[in-house]
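Convention: sequence-line order gives letters A, B, ...; per-chain numbering from 1.
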Amino acid sequence: MNLKLKYAELLSNHVDLALDEIKNLIEIPPDSKMGDLAFPCFSLAKKLKNSPVKIAESISGSLEKLPLFKEVKNIGPYVNAFVDPSFIAHGILSEIAENGSGYSSQPENGKNVVVDFSSPNIAKPLAIHHLRSTMIGNSISQLYSKMGYNVIKLNYLGDWGTQFGKLIVAYNKWGSEVEGELTISKINELYVKFSKESSEDNDLNDQARNWFKKLEEGNAEAIKLWKWFKEISLIEFEKIYKKLGITFDVYGGESEHAASFLTVVEKCESLGISSISDGALIVESEDENDPPCLIRKSDGATTYEVRDIAALLDRFDKYEFVKMFYVVGQEQALHFKMLKMVVKKMGLAFSNDCEHISFGFMKFQGKSGSTREGTAILMEDVLNTSVAEVRKRISESGSKRNISEEAIQQIGIGAVVFGDLSKKRVKDSEFIWEEVTSFEGDTGPYLQYTQARCLSIVRKSNHDFMEQADFSGLTEDSEKLVLLKLNQFSEAIINSANNCEPSLLANYLLELAKFTNRFIHGGREEHSKRILQESNLPLQSARTALVHGIAIVLKEGLRLLGISSPEEM
RNA sequence: GCACCAGUAGCUCAGCUGGAUAGAGCACCUGAUUUCUAAUCAGGCGGUCAGAGGUUCAAAUCCUCUCUGGUGUACCA
């Protein structure tokens, strides 16, 4: 139910503004004691040549009574409305009960959205800085499918480039020293060793560039090794994605577009937007402050930029997307700016639909870990530690409940994911072990706990509460706050999706959970206030339905963040 | 040098795109438990919204400058 719209309709007969304008002015007061909706009268003051307070008085005095609004009065320059919870409860709760997890979902619109996320480099283990792209991208994908889009989740692997030349050199030189089976961490060790040695021996870098050139030319030995490194890496990645419950629709890779780079080069040349500089082919930037975009190296090899452009052209051919999201760290902002710039110069309108969804650094003890230096914090370790902490906590609490292994996994992993997604993307975030393994307050486990608590009440209610409920009994403030919050679910989703900002949804869920715990907690202080102790069955049923609705919204909201929630914990 | 991003309580962060007395969580202090799940709830402590100007009825929010931190700056990706 769109309460802002209803309120705007009520006001529209007495305010000389278009319905939409009124609706956009309506806000939610900072304190619910002041009302549930507020219409500020400042902007009318000039037009009416009267003080905002007087205008508010006159409007509130002339409004007709609607059952939806218990009371409308002015507080200073605001016209504030108090919603009658019993009037909205039936609509909201039956909508949730009927749709279940589909509550607030929008019908399919057939439009394609491509989300490029996670996209790790082959031959390096997944570290915490990959967590952000992976989790943010996954959540954006869930949000857009909730909004009715057809989402293509694309894992665009960094599987091409000079680094493979380096690896091949390293493997040929020191590979025989590796003991046992070659794993991703052993590959990484070779890479680390190469980095160290090559800083003193420039010849190694030349060899590496040479091997990469060979790889691009289709040299059999190079390709064989490259394929092998890739296979080993993918097996490792899949293990983590499975833990996180993430799947991809398409695995792509830069390597696929290395060949088609010629198309890009030709197009740039024929359009006359490129030029030769120091032997390399470049496209000049529009902004004088930016460097040019390198399309082809002076030795004829491809660049990251040209491969990405070729990949983008290919994606549009395949999917005709309405949105193309690149979920990649902010350090690559310039790269995506140049990518868009070149594609725009190529005369392709879809350059406007491409968006770089950037995010800040993940740091550990003030530094961003580096796989090259071997100081990275591995994603697997983080997840395992958090899960272990949950297990420890449960055994120490001496709880009688038997908590399943599945639930322990969900809680441990949920804590890590929520910790990351509850903050705005742009912020750099400091990785603190104690914080990851803290499960109190504004955390994922808090939301899961709230949800489990609600489900427990629903489970114990042994009758058809939707059938027997009398929603007009829901008159308490604590009930109203929860109801209004449930009603805002779709707004939270839309906001979150439009801004590609999962933290907005995360914060919405925290508020919902807070109101919920307050509401339910009344039953702890006074036994008679417990929902299932209520002797008036229609009222008890209405409250149970409310709790049921909360559980559904919390579970669905968490799912949109990529977090699964246990039935019991 | 230039460009982009950030700066709000001791710490981690919100602040609904310009509105009411700047809010949460953690930490610290006090209280509630033979739990419809205490991974909870109630209360206390804690602020020069980096600084200075400006725009207007109204600025943490918009503009300008300064300071601090981070990132990027063509043949790595």
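With respect to A/Asp287 and A/Lys337, a salt bridge is recorded, a charged nitrogen being found less than 4.0 Å from a carboxylate O. Here A/Asp299 does not pair with A/Lys213 in a salt bridge; the nearest charged N to carboxylate O distance is not below 4.0 Å. Taking 4.0 Å as the cut-off between side-chain N and carboxylate O, A/Arg518 and A/Glu479 do not count as a salt-bridged pair.
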Please write out each protein N/O paired with an N/O of nucleotides 54-60 of chain B under 3.5 Å, distance rounded to 0.1 Å.
unit_1, atom_1, unit_2, atom_2, d
B/rC57, OP1, A/Lys46, NZ, 3.4

Strictly under 3.5 Å: I want the nitrogen or oxygen pairs between protein and nucleotides 21-25 of chain B, one per line.
unit_1, atom_1, unit_2, atom_2, d
B/rA24, O3', A/Lys514, NZ, 3.2
B/rA24, O2', A/Asp442, OD2, 3.3
B/rA24, O2', A/Lys514, NZ, 2.7
B/rG25, O4', A/Asp442, OD2, 3.1
B/rG25, O2', A/Asp442, N, 3.3

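Comparing A/Asn24 and A/Tyr304, the nucleotide of RNA chain B nearest to each residue sits closer to the 5' end for A/Asn24.
Across all strands shown, A/Arg296 has no heavy atoms under 4.0 Å from either base or sugar-phosphate atoms. Within 4.0 Å of A/Ala301, counting heavy atoms only, lies no atom of the nucleic acid at all. At a threshold of 4.0 angstrom between heavy atoms, the contacts of A/Gly158 with the nucleic acid are absent. Counting any heavy atom pair closer than 4.0 Å across all strands shown, A/Ile531 reaches a base atom. At the heavy-atom level, A/Met338 lies nowhere under 4.0 Å from the strands shown. Within the nucleic acid shown, A/Ile432 has no heavy atom closer than 4.0 Å to any nucleic acid atom. Counting any heavy atom pair closer than 4.0 Å across all strands shown, A/Glu288 reaches no nucleic acid atom.
The nucleotide whose nearest atom lies closest to any side-chain atom of A/Asp428 is, among B/rA39, B/rG70, B/rG72, B/rG70. Comparing B/rC75, B/rA39, B/rU17 by their closest approach to the side chain of A/Tyr449 singles out B/rA39. You'll find that the side chain of A/Asn80 is closest to B/rA20, out of B/rA20, B/rC5, B/rU17. With distances taken from any side-chain atom of A/Pro29 to the nucleotides B/rC75, B/rA20, B/rA14, the minimum falls on B/rA20. The listed nucleotides are B/rC2, B/rU40, B/rU73; the one nearest the side chain of A/Pro291 is B/rU73. Considering only the side chain of A/Arg307, B/rA77 comes nearest among B/rA74, B/rA77, B/rG15. Among B/rA77, B/rA20, B/rU71, the nucleotide with an atom closest to any side-chain atom of A/Phe212 is B/rA77.
Distance noted for atom C1' between B/rG10 and B/rG46: 9 Å (whole Å). With C1' as the reference atom, B/rG70 and B/rC62 are 24 Å apart, rounded to whole Å. Comparing the same atom, C1', in B/rU30 and in B/rU34 gives a spacing of 23 Å after rounding to whole Å. Straight-line distance between the P atoms of B/rA50 and B/rC45: roughly 24 Å, to the nearest whole Å. Taking the P atom of each, B/rA27 and B/rG69 are spaced 31 Å apart, rounded to whole Å. Rounded to a whole angstrom, the distance from the P atom of B/rU8 to that of B/rA3 is 24 Å. A gap of 12 Å separates the P atoms of B/rU12 and B/rG7, to the nearest Å. If you take atom P in B/rA74 and the same atom in B/rA52, they sit 38 Å apart, rounded to whole Å.
Scanning RNA chain B for stems, defined as runs of 3 or more consecutive Watson-Crick or G-U wobble pairs whose donor-acceptor distances all fall under 3.5 Å, gives the following ranges: B:1-7 with B:67-73, B:10-13 with B:23-26, B:28-32 with B:40-44, B:50-54 with B:62-66.
On a pure distance criterion of 3.5 Å, no polar donor-acceptor pair joins the side chain of A/Thr162 and the base of B/rA77. Under 3.5 Å, the side chain of A/Asp159 and the base of B/rA77 form no donor-acceptor pair of N or O atoms.
In summary, the aromatic rings of A/Phe465 and A/His548 are positioned with their centroids under 6.0 Å apart.
Using modelled atom types and a 3.5 Å distance limit, the side chains of A/Glu256 and A/Trp160 yield no donor-acceptor pair. A donor atom on one side chain and an acceptor atom on the other are found under 3.5 Å apart for A/Glu216 and A/Thr302. Side-chain N/O atoms of A/Asp203 and A/Gln207 include a donor and acceptor closer than 3.5 Å. A donor-acceptor pair shorter than 3.5 Å can be found between the side chains of A/Asp308 and A/His335. Side-chain atoms of A/Ser541 and A/His463 include a donor-acceptor pair closer than 3.5 Å. Counting only N and O atoms by type, the side chains of A/Tyr446 and A/Asn517 include a donor and acceptor under 3.5 Å apart. No side-chain N or O of A/Ser496 forms a donor-acceptor pair with one of A/Asn499 less than 3.5 Å apart. A side-chain donor-acceptor contact under 3.5 Å links A/Lys485 and A/Gln488.
At B/rC16, none of the side-chain N or O atoms of A/Lys485 fall inside 4.0 Å of OP1 or OP2 (strictly under the cut-off). Between A/Arg209 and the phosphate of B/rC75, there is no side-chain N or O to OP1/OP2 separation shorter than 4.0 Å. The phosphate of B/rU40 has neither OP1 nor OP2 within less than 4.0 Å of any side-chain N or O from A/Arg453. For B/rA39, neither phosphate oxygen OP1 nor OP2 lies less than 4.0 angstrom from any side-chain nitrogen or oxygen of A/Arg393. OP1 or OP2 of B/rG70 has not a single side-chain nitrogen or oxygen of A/Lys427 nearer than 4.0 Å. Phosphate contact (OP1/OP2 of B/rC13, side-chain N/O of A/Ser422, threshold under 4.0 Å): absent.
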Side chain to side chain donor-acceptor pair (under 3.5 Å) between A/Ser564 and A/Gln410, worked out: CA-CA 6 Å; A/Ser564 59; A/Gln410 288 172 321; 3.3 Å; yes
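By the 4.5 Å heavy-atom criterion applied to side chains, A/Met135 and A/Leu131 are counted as neighbours. Between A/Val416 and A/Asp420, every side-chain heavy-atom pair lies at or beyond the 4.5 Å cut-off.
B/rU17 takes the syn form, because its glycosidic angle lies no more than 90° either side of 0.
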